[in-house]
Amino acid sequence: MSAFTLSLPFQTPHQQQNPINKNHSFRSPPKPPSSNQKPTSDSPSYSSWIEQLRSHTRSGNFHEAISVYIDMTTAGLRPNNFAFPAVLKAVTEIQDFNLGEQVHGVVVKLGYDASSVTVANTLLNMYGKCGGLNDVLKVFDKITERDKVSWNTFIASLCRLEEWELALDMFRRMQFDKVEPNSFTLVSMSLACSNLENRHGVMLGKQVHAYSLKIGDTMSFTNNSLMSMYAKLGRIQDSVSLFEMFPGKNIISWNTMISSLSQQDLFQEAMAVFKLMILEEMKPDGVTISSVLPACSHLELLHHGKQIHAYAIRNNNLIENSYVSSALIDMYCNCREITIARKVFDRLVNRSLANWNAMLAGYTQNGFYDSALVLFFKMMEFSGLSANPTTMASVIPASVHCESFHDKEGMHGFIVKMGFSKDGYVQNALIDLYSRIGKINISRNIFDRLEIKDTVSWNTMITGYVVCGFHEHALDLLHKMNQRDETHDQNLEKVTCKPNSITLMTVLPGCAALAALAKGKEIHSYAIRNLLATDVAVGSALTDMYAKCGCLNFARKVFDEMPVRNVITWNVMFMAYGMHGKGDVAMSLFNRMVAEINPNEVSFISLFAACSHSGMVDEGLELFHKMKDKYGVDPTEDHYGCVVDLLGRAGRLAEAHELITKMPPRFKKLGAWSSLLGACWIHQNVDLGEIAARNLLEFESDVASHYVLLSNIYSAAGFWKKATEVRKTMIKNGVKKEPGCSWIEFDDEVHKFMAGDFSHPQSEKIHGFLEKLLERLKQEGYVPDTSCVLHDVNEDEKESLLCGHSERLAIAFGLINMPPGVTIRVAKNLRVCNDCHSAIKFISKVVGREIVVRDVRRFHCFKDGNCSCGDYW
DNA sequence: ATAGGGTTAG
């Protein structure tokens, strides 16, 4: 609506031309009252103008009412204390703040703001609904004879402007001025209290409640507001008591109760109240439906949800209610019935933004990222609606995970353009976006500049570091999150963000990757103290962490004590036993598992790996042959890869090769070929190794490990020239070998060592230590095996290169710094080479220490000159 | 006086 200026014709009565801008758009042009003569204030038709104005407002024709008002003033008539309330009400309803201000001007000129309480009160109401705080205060100040309505309107306006504290102050001043609060006042007060900080809100809320009892207020809306207030302040029990004791329950009481329970995540209870409502023959309306559906959604009560859907269609076509349809879509999506959700969506006649958003969220949350993006672009083009921050909170993750969508950073541009950059959800989603495209610094930048960091912000940032492999930073940030929590004002419960179960399961894989046992234990104790350890996901992550830190016993203990286990929990345990070379235990656990719960694809991958590392070829093959018929899991290309590894590692290379050739054609064979190549290196088979490498390099000429394995196979067989050639091709193709890297946790820090690396502060000491150690090893009978050294150098040099292998540096560091008797735990990013394996066996004997080395595939526990893997790995 | 759709995880 265009703004226009209204000058005051009565200020200079002789001036007859009127500068009203007639562009104001009205539905129907106003008709002046019957006579052609201009009415004057004392002519009989004056009252008919006023009456017309009032009747338009009364019957809801606000635009017409305003028209009459304008014509009236154009004609030089003064509005009176009947005209002003009518026009102000109309202005308020259509939210035309500009016109409101102009009418205000007229009111002031004519002195009604001080002389008529009714006019002043409607003015107050107008500013409360479409103005600002200053206007409200100014108008209220002017009223000399404040009545109860003035106070109530004033307080209600303050609430609408979210000035909760001020509203409460005014409640006190009202009583001080000897004006008795009534139901209207108490409704506003309940609303104000429910928006205060928790403890404070409850305290004042109880006073409001007591006040209502004192004045014997039994109005249903007072009771309903008090219920709502208690619920929002987390005092659901008080809310329920009010509900139960109140004799005058109406539909709104029921709805309030159901929605309050839903909002407090008390879904079972919400369902129970809903059922009671039906029993008491109270007819649910749209609000009821949209309050109870979230409960069905969270409890995944698809059946109930469908019944409610049917009810909504039968009764009054409640499905047309946008709240109802959004809740339905959400319910179906949460029950993973995306197709039904989409049908509901497609059949809607008018789609609200909430409908689109619910559908988009449903797609994203169920992993249908492409569908989410397609729908989003459709919405942008055809719906006539524009996205809001909620839309983008679903679209950003969809764009991040959608592989065929490339312009991920473009989303950020769009966000900025739309002005959504300061929305918390959007910012968190952007942090995730940048970390997943490897631009972790941008993530951190956004994170650092967040005005409010909630738990999700911290979790997302920590996950980002884990995703990018910066595990130390992840642990650092967890530490900071905790610090922040400790120093936080206990009164501000709403803004605290303690680590939750998601935080822990995000950061535990970081500990596992770093083999940071001490840190992992610290997190474990934190989980116990904060009652998070019983969470399935946390328990599974703890089990995994202990297993990957080499503490199989701890892993098993956590596993045994978990109150609930899911597929992932079991899979983690299989993997754990597999990495420790205990395939037999994994298999017997599997038999226990299938009595309780169905295995999935990952279960079989873990089990094959376990069998493979334990030489249990036949057990593994048997499982492979019956996984589909007995357990209903179709083998995938990954399973084939595992079985090729199983056969190959055991030296059954021909069978492994045959299995690859028999793979169903829909499968990619790369994984299987690379398993075979690895096996050819172990068993020194040049012919098959060449075949495998050829098949791999045709598609993956940029993977260093293929070149390295082939070249190692050649050198081990003495084909030095061929080995060198492979290495040259690799360099020519610009492929860089991933540098070997090992690490060890010491003194609350993870120390990293690269192969041939001299950057560590203790580097000199370590190398000196290793030189002396080498002499002692040789005395014990250690003979260096240089076959896996790629470089074509003389034997002496090779030996010193071997000494530089990163695992040896890490072990030496541990031996120098850690007290005797403490097990040395080292992790490595590549496989331990033959020579290091045999050297570490000797080291464990010479220094009398247990040494645990975890490489990419499994654990090696060295003790008294032996290794737990029995040289089979 | 009552109602909605969103971000993080294995």
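Sequence lines set the chain letters: A, B, ... in the order given, protein chains first and strands last, and positions in each chain run from 1.
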### Task
Classify the side chain of A:S352 versus the base of B:dG4 as yes if they form a donor-acceptor pair under 3.5 Å and no if they do not.
yes
### Query
Does the base of B:dG6 carry an N or O that pairs as donor and acceptor with the side chain of A:D423 under 3.5 Å?
yes
### Query
Which of the following nucleotides, B:dT7, B:dT2, B:dG6, is nearest to the side chain of A:V456?
B:dT7
### Task
Please say whether more than 12 non-hydrogen atoms of neighbouring residues, nucleotides or ligands are located less than 6.0 Å from NZ in A:K206.
no
### Message
Hydrogens and angles aside, do A:N315 and A:K283 bring a side-chain donor and acceptor to less than 3.5 Å of each other?
### Response
yes
### Message
What's the closest nucleotide to the side chain of A:P389 if the choices are B:dG6, B:dT7, B:dA1?
### Response
B:dG6
### Query
When the ring centroid of A:W254 is compared with that of A:F274, is the distance short of 6.0 Å?
no
### Message
Under 4.0 Å, counting only non-hydrogen atoms across every strand here, what does A:D285 touch: a base, just sugar-phosphate, or nothing?
### Response
nothing
### Message
At 4.0 Å (heavy atoms only), tell me whether A:S290 reaches a base, stays on the sugar-phosphate, or touches nothing.
### Response
base
### Message
Tell me whether the rings of A:H473 and A:F470 are parallel (<30°), tilted (30 to 60°) or perpendicular (>60°).
### Response
perpendicular
### Query
So which nucleotide from B:dA3, B:dA1, B:dG6 ends up closest to the side chain of A:Y425?
B:dG6
### Task
Check whether the aromatic ring of A:F221 stacks on the base of B:dA1, taking stacking as ring centres less than 5.5 Å apart and planes within 30° of each other.
no
### Query
At under 4.0 Å between heavy atoms, what does A:L353 touch on the DNA or RNA strands: base, sugar-phosphate, or nothing?
base
### Task
For the side chain of A:T460, starting at C-beta, report the closest nucleotide among B:dT8, B:dG5, B:dA9.
B:dT8
### Query
Is it the case that A:N182 and A:D217 place a side-chain donor and acceptor less than 3.5 Å from each other?
no
### Query
Looking only at N and O atoms, is any donor in the side chain of A:S322 or the base of B:dG4 less than 3.5 Å from an acceptor on the other one?
yes
### Task
Would you please test A:W151 and A:F171 for ring-ring contact (aromatic ring centres under 6.0 Å, His included) and show each step?
CA-CA 8 Å; A:W151 281 100; A:F171 176 58; over 10 Å; no
### Query
Contact class for A:A537 vs. all strands (heavy atom < 4.0 Å): base, sugar-phosphate, or nothing?
base
### Message
A:T503 and side-chain hydrogen bond (donor to acceptor under 3.5 Å, both in side chains): which single residue from A:T463, A:N459, A:T455 fits?
### Response
A:N459
### Task
Kindly indicate whether the side chain of A:S225 and the base of B:dA1 share any N or O donor-acceptor pair separated by less than 3.5 Å?
no
### Message
Please give me every residue in residues 241-257 of chain A whose heavy atoms get under 4.0 Å of an atom in DNA chain B, ordered by residue number.
### Response
A:N250, A:I252, A:N255, A:T256
### Query
Could one point to a donor on the side chain of A:S326 or the base of B:dG4 with an acceptor on the other under 3.5 Å away?
yes
### Query
Between B:dG4, B:dT7, B:dG6, which one does the side chain of A:P397 approach most closely?
B:dT7
### Message
Using a 4.0 Å heavy-atom cut-off, does A:N566 contact any base of the nucleic acid, only the sugar-phosphate backbone, or nothing at all?
### Response
base
### Query
Side chain of A:A393: nearest nucleotide among B:dT7, B:dT2, B:dA9?
B:dT7
### Query
Does A:Q263 have a side-chain nitrogen or oxygen under 4.0 Å from the phosphate oxygens OP1 or OP2 of B:dA3?
yes
### Message
Less than 6.0 angstrom separating the ring centers of A:F559 and A:W570, yes or no?
### Response
yes
### Contact under 4.0 Å: A:Q427 side-chain N or O vs B:dT7 OP1/OP2
no
